[in-house]
Amino acid sequence: MADKTKQREAPLPSTSEVDKKNAVSPNGKVFEQIETHDFLSVDVFDTLLFRHCKSPVDVFDFMSTRQQTKQVTEYFKDYREAAELLAREDAEKRDLEDVSLDEIYLCFEQLTNCSHQQAEQIKQLELETEMDLLHATSFGRQLVAHLQKTKKRLVITSDMYLPQDYLEEVLQAKGITGWERVFVSNEQGKTKHTGSLFDDVAAHFGVPNDQILHIGDNRHADGKMAINAGMCSHVVLASKDVPARSPKPKRHSNLLAGKRPISQIFAANFLETHHYDSEKLDFRTLSEDQYFEAFGAVLVAPLITSLMIWMKQEMESRNISRIAFLARDGMFPKAAFELLWPEGFDTQYVGASRRLLTLPFTVLEPETIGGMLHATLEGSETLDDFLSKISGGPKLKKLFDDHGVKGTEPLERKTRKKILGLLKDNPDTFFRSFEHERAVLTKYYRTAFPAGTTTAVFDVGWRGSLQRSICEIVDPEADVLGLYFGTGWQATSILRRSGLEYESYTISNGMPVVMQPWVNDFRDIVEFLCSADHGSVLRILEDDAGDMSWDIAEVSELEAANLRRAKIIQDAALQAIESVLQAISVDILAKYADPKDEEDMRQFLSKPHRRDALRFKNVRVFAGVGDTTGESLTRIGELNTHYRNAKSSRWRAAYGAQLNPVSYAWLKFVLRKRKKIKL
């Protein structure tokens, strides 16, 4: 006791000395200090554990959609913050340094005029939500592994209103073990913020304060006050504070602007996984690949996760356990679905394309034939090259021979026009040329969709024509439910008038209006994000043994580069999902993901940051088989007028984002006046 009294009376370190000792350094250096100390005191939140949200108060946003809080107030977050403020004011009047969760909810009960039972239910919900969102930090896991090899003594020290026994339960559940005791301010009646809690830590160890190393993320409580108490201190870099330490987002990106719970979960995980030891994060310094990786982890991963959760809910509501993901847009969603639910569902990747299903089975209008084959003709050097790309090619050769079109002659514009004219004038011949292909496709799809089963079909969608074609091929006793990322007004005539059942994630037949950008403005972006790493399915082949295989179209160098960009995004999104699942189960994710939680991605695409838009400058859109060059997704950098570029852009908001304010205002006015187009 005498030593402690003497220590308190000793002169406190000067401000300059404290600042020098309190300097933040990379977390790796803390282990150098640990080697020279046998007694450790470590903070909890953002040091050993981090929440999968932007800030502590955002936990209340996660709670606000739950039934317990909705029954009391639709402004739960505001009332919860006000209740804590009121409780702290009451505690200050009673000369108490901290408050408990019970005291906070007593004030909440008074402010909202809810019953004591309701307040207790919401309090338990808060404890449940904290448990759901908390996970060990990278530093926390390293520290536990390091201390297992030593005999150093460890206590946990936290300024927190949560109960001590609850914190002990959380630490154990999240893998933070090896500590002797947990000191919590609301139960000790002392805080790190004032420095008084450190006296209890020193008393527990029974050693002079200068033999204790305290580690935490708060410069004041964990740094300055620990040093003032005579302890050694190391302030670690909390991942949630990376954006605050970085240049303002308005200067470089909107990637981390998402507010929805599912987006916050993935953003917090991204920061902790990739930047937990970083001083700052400036997206301007990232390479194209690094940027697309961040884009996949922060925006695409929550979107695809929410989409898959919605799909599972739709399937379970109809007792469906089979799902077919249609090529090519279904490859990435299938990988995400199987990551989230590796068991319990029968998943398959089914070859499909509009040309594959429509040309053999439908008696097409002449204009439709021309429209579907135009890009294939454009990308073919000779007639033989063109005929090799369509299933009925060999049988159509006689038609062209009879009209003097040689298979080896170059396809000049005049020749291409003649070929399309012959196809339009001979639709019956065109239909008969696919007899063998129809037989093979019928066998293939009836195997994939057997009689007596109900199978969900996923496609990015918009028209729903593939579902209609599949339903015309399969056995009448095989039921098919269409699940789409998006459907436009065409789905009404194609699906509903055919009596087919379907559901859409983002839009259905033009309603609600807020979802329309997905069909009108962002359709090509979605298709780019879901691009498979292979070309279109040209035909299904059957060998002598009856085995089926796909004939895949070759892709040009430009399209291959495009697919590589998409794969970088997809791989990053899948890695992010896998990482989040190590901390949060899929059932918990579903708890906090709205069934149609696409708002953050829509906001990003509707108002992209200038530098975000420029990152997509090299992304291209391809019309299909035969299109080797494609066209720019954004039109940024195209040598043309702003009006022409913006009008033709597949992502007008991105083109507008990189203009200066004067050009943007002029372009916005002209587009609305001439074409009634919103920028």
Side-chain angles (χ1 to χ4, degrees), residues 300 302-318 320 322-337 340 345 347-354 356-358 445 448-449 454-474 478-532 536-537 570 593-599 601-602 605:
V300 178
L303 178 68
I304 197 71
T305 299
S306 179
L307 172 63
M308 295 301 103
I309 290 172
W310 168 80
M311 284 172 51
K312 177 178 178 285
Q313 292 174 347
E314 292 292 336
M315 291 169 62
E316 287 184 334
S317 68
R318 295 168 172 80
I320 299 174
R322 303 182 78 254
I323 180 166
F325 294 85
L326 301 185
R328 296 187 291 168
D329 298 338
M331 177 176 276
F332 169 48
K334 177 177 181 288
F337 190 92
L340 293 165
F345 292 91
T347 61
Q348 55 182 328
Y349 186 49
V350 176
S353 68
R354 202 153 65 93
L356 177 74
L357 289 168
T358 304
Y445 282 106
F449 301 88
T454 301
T455 306
V457 169
F458 172 78
D459 190 19
V460 167
W462 316 117
R463 290 186 180 88
S465 57
L466 293 185
Q467 182 186 352
R468 180 189 63 180
S469 299
I470 289 172
C471 289
E472 290 176 355
I473 301 170
V474 301
D479 294 327
V480 177
L481 167 69
L483 296 176
Y484 297 98
F485 179 86
T487 51
W489 59 268
Q490 300 97 330
T492 300
S493 57
I494 291 179
L495 293 174
R496 290 195 173 180
R497 292 182 184 178
S498 300
L500 303 178
E501 187 179 6
Y502 75 100
E503 295 292 340
S504 178
Y505 177 72
T506 57
I507 187 168
S508 182
N509 308 317
M511 295 297 289
V513 174
V514 72
M515 295 288 192
Q516 286 186 355
W518 287 113
V519 171
N520 298 333
D521 304 321
F522 309 144
R523 175 174 170 175
D524 293 296
I525 304 173
V526 174
E527 292 183 348
F528 161 68
L529 295 177
C530 292
S531 299
S536 295
V537 183
Q570 294 168 9
D594 186 273
K596 296 187 178 182
D597 216 340
E598 46 67 57
E599 180 181 333
M601 178 65 92
R602 175 161 44 88
L605 297 176

### Message
Quick one about Ser306 and Tyr505 (side-chain donor to acceptor, distance below 3.5 Å, no hydrogens or angles considered), yes or no?
### Response
yes

### Query
How about Glu598 and Trp310: does a side-chain donor come under 3.5 Å of a side-chain acceptor?
no

With heavy-atom distances below 4.5 Å as the criterion, would you say the side chains of [X] and [Y] are in contact?
{"X": "Met311", "Y": "Glu314", "answer": "no"}
{"X": "Leu340", "Y": "Thr305", "answer": "yes"}
{"X": "Arg468", "Y": "Tyr502", "answer": "no"}
{"X": "Tyr484", "Y": "Leu495", "answer": "yes"}
{"X": "Phe332", "Y": "Val300", "answer": "yes"}
{"X": "Leu326", "Y": "Ile470", "answer": "yes"}
{"X": "Asp329", "Y": "Asp459", "answer": "yes"}

To the closest 0.5 Å, what do you measure between [atom1] ([X]) and [atom2] ([Y])?
{"X": "Arg463", "Y": "Ser493", "atom1": "CZ", "atom2": "OG", "value": "10.0 Å"}
{"X": "Met601", "Y": "Ile304", "atom1": "CE", "atom2": "CD1", "value": "9.5 Å"}
{"X": "Thr454", "Y": "Phe449", "atom1": "OG1", "atom2": "CZ", "value": "11.5 Å"}
{"X": "Ile309", "Y": "Asp597", "atom1": "CD1", "atom2": "CG", "value": "9.0 Å"}
{"X": "Leu500", "Y": "Leu481", "atom1": "CG", "atom2": "CG", "value": "10.5 Å"}

#### Entry: Glu599/Val514 under side chain to side chain contact (heavy atoms under 4.5 Å, CB included): CA gap, chis, key distance, verdict
CA-CA 10 Å; Glu599 180 181 333; Val514 72; over 6 Å; no

Using modelled atom types and a 3.5 Å cut-off, is there a donor and acceptor pairing between side-chain atoms of [X] and backbone atoms of [Y]?
{"X": "Lys596", "Y": "Ser504", "answer": "yes"}
{"X": "Gln570", "Y": "Ser531", "answer": "yes"}
{"X": "Thr455", "Y": "Arg322", "answer": "no"}
{"X": "Thr487", "Y": "Ile507", "answer": "yes"}
{"X": "Thr506", "Y": "Met515", "answer": "no"}

### Task
Report the relative orientation of the aromatic rings in Phe325 and Phe458; use parallel for angles under 30°, tilted for 30 to 60°, perpendicular for over 60°.
tilted

### Task
Hey, can you tell me if Phe522 and Trp518 have their rings parallel, tilted or perpendicular (30° and 60° cut-offs)?
perpendicular

### Task
For a side chain to side chain donor-acceptor pair (under 3.5 Å) with Glu501, tell me which candidate from Arg318, Gln467, Arg496 qualifies.
Arg318

